[in-house]
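Reviewing the structure listed below.
Order of the sequence lines sets the chain letters (A, B, ...), proteins ahead of strands, with each chain counted from 1. Not measured: the values here are computed from a predicted model.
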2 protein chains.
Amino acid sequence: MADFRGRPAYLQIADDIRSQILDGTLQAEDRLPSEADLMADYGVSRIVVRNAVEVLRSEGLVVKQQGRGSFVRAQRPQRTRVVGDLYSERPEASPFAASARASGQVPEWEYQTRRTTASKTIADRLGIQAGDPVMRTSYRFFADGEPAMLSTSFEPLAITEGTPVEQPEGGSVTGVVPRMDAIGIHITHVVEDVTGRSARPYEAETLKVPVGVPVLAIERTYYAKSRPIETADIVVSSDRYVLSYRLPVPPRTDQPTPR
Amino acid sequence: MADFRGRPAYLQIADDIRSQILDGTLQAEDRLPSEADLMADYGVSRIVVRNAVEVLRSEGLVVKQQGRGSFVRAQRPQRTRVVGDLYSERPEASPFAASARASGQVPEWEYQTRRTTASKTIADRLGIQAGDPVMRTSYRFFADGEPAMLSTSFEPLAITEGTPVEQPEGGSVTGVVPRMDAIGIHITHVVEDVTGRSARPYEAETLKVPVGVPVLAIERTYYAKSRPIETADIVVSSDRYVLSYRLPVPPRTDQPTPR
DNA sequence: ACACTCAACACGTTATAACAAGTAGGACGA
DNA sequence: TCGTCCTACTTGTTATAACGTGTTGAGTGT
């Protein structure tokens, strides 16, 4: 192994394999050479090749499977979660929406609903007091039979208690906006705060992704005027999802557009 | 080390430390016990404690520094990139916008602009032919002197060539929307496709984040009616940024709201 | 008082060794 | 033909050992 600039061997090997992945020499789903092969190829010990592959795994380029080998991970996420003006005039918009419906998007999910009390965090987001009663609903969404999205939502019971839409699911109307419409509350806007982080063990297990892959965590709140109506924590694997936001740009603004 | 269910020792140790982080026994910026300490505490070899800490590092809970130790990573991102109706009636909206301006947001950036031709990918996004001339501008944004956001934008020269706003920077108007307004093109909406992934080596270096931390990659395109006007690739460290999208919800829609 | 040196300590890199556990395919028997 | 078993191959886990490199603070000399 040529020792270039004293740069650690495992990083050089990682660089080498990475460029093979990026330039297409190694394609998605291809198996990497086994650890034994790499040891022989580069003339290093096993720990070096393991470190090298671990770097690539941590970058999300490679997945490892005990007993089978290490594989180049498919890079492109397939599904798009669209938020915004679905009826945009943009012609490219329709393929997305169409594919979302076409690719087996039978609304497939399971949920668990229960009454509970608001934690401080949730209370802040809903503009209520910690300890106030809320309806908590956990969803697990599936796509092609695979778990694809996790969501936990909270609604203040002060709003829905005693109404026909107290239960988020099971009634004749579903979806926050129509449900609230049904009791005379008209959602005016939604805020989604998006962060990226590595999957927690629970999420990795539930979403069936390798530990450490990046996920997108969305903190979503629906508002009627300035009043928070519902808030939810949503987690999707960034492997499988692109979040697509489509926003109108109001004409004649003095405000500099955020870059 | 009590061998619980044959679960690997390094995972048990990782679980142990993780719960200490999550329950607050170990707080942000605290130093973890050194590898030697952990070896003694749990009665295992160094490779086991290194594997354990590596798990936490890969989850983004811990950062390691050679010569100093391993530290609990501060979890909450500080900055918010807001897209959407800044003049929302929501009272909580103002603190965000205010803090964005207050926290030393002197518009601090450097850029490089050059004429080039569109790659296939960019041409598709701009609705032009590959090889058509475009203006390419790379930005590096700083916050508190630290690089915080990378962006590369493309505009078809067919639109701006020969106009006063051919150069994205340096003129009297800046920002895509005002610049295009100035030549009679009125941006109607913007699409942002957000994905999460691990930082590439170049990005990790440029953004000064440890390799492997998740970043958010945004593919943004501005449209005037259905015509793409500008497209950009934006990368931010998810350590430091929350993306906040504020969208109006139109009244009386039959369309089920995307969950 | 200040700057320099150096040792102690932290994590980083690599080698060798052994056994565990999951996978796949071929051999073999019913 | 079909299912079982076994074996070879793969990654997973752990131990021991040694040396490299970055950090820090105590001690020392000026």
Name all residues meeting the side-chain contact (heavy atoms from CB on, under 4.5 Å) criterion together with Q65(A); count only those two or more places apart in sequence or in a different chain, and write none if there are none. R68(A), F71(A)
Using atom types as modelled, flag every donor-acceptor pair under 3.5 Å from a side chain in residues 44-54 of chain B to any protein atom, sequence neighbours excluded.
residue, atom, partner, partner atom, Å
R46(B), NE, E35(B), OE1, 2.6
R46(B), NH2, E35(B), OE1, 3.0
R50(B), NH1, E35(B), OE2, 2.9
E54(B), OE1, R57(B), NE, 3.0
E54(B), OE2, R57(B), NH2, 3.1

E54(A) has an atom CD; how far is it from atom C1' of dT13(C), in whole Å? 15 Å
With sequence neighbours left out, what residues match D15(A) under salt bridge (Lys or Arg N to Asp or Glu O under 4.0 Å)? R7(A), R18(A)
Rounding to a whole Å, what distance do you find between F71(A):CZ and dA24(C):C1'? 11 Å
Would you check if the side chain of S19(A) reaches a backbone N or O of D16(A) as a donor-acceptor pair within less than 3.5 Å? yes
Spell out protein contact along nucleotides 12-19 of chain D as letters: B when the base is contacted, S when just the sugar-phosphate is, - when no protein heavy atom is under 4.0 Å; keep the 5' to 3' order. BBBBB-B-
Could you give the CE-to-C1' distance, from M39(A) to dC9(D), as a whole number of Å? 14 Å
At less than 4.0 Å, is any side-chain N or O atom of S70(B) found next to OP1 or OP2 of dC11(C)? Yes or no. yes
Sorted by chain and residue number, the salt bridge (Lys or Arg N to Asp or Glu O under 4.0 Å) partners of R140(B) (sequence neighbours excluded) come out as E110(B)
Taking only side-chain N and O atoms of R68(A), does any of them lie within less than 4.0 angstrom of OP1 or OP2 on dA24(C)? yes
Among residues at least two apart in sequence or on other chains, which ones pass salt bridge (Lys or Arg N to Asp or Glu O under 4.0 Å) with R115(B)? E161(B)
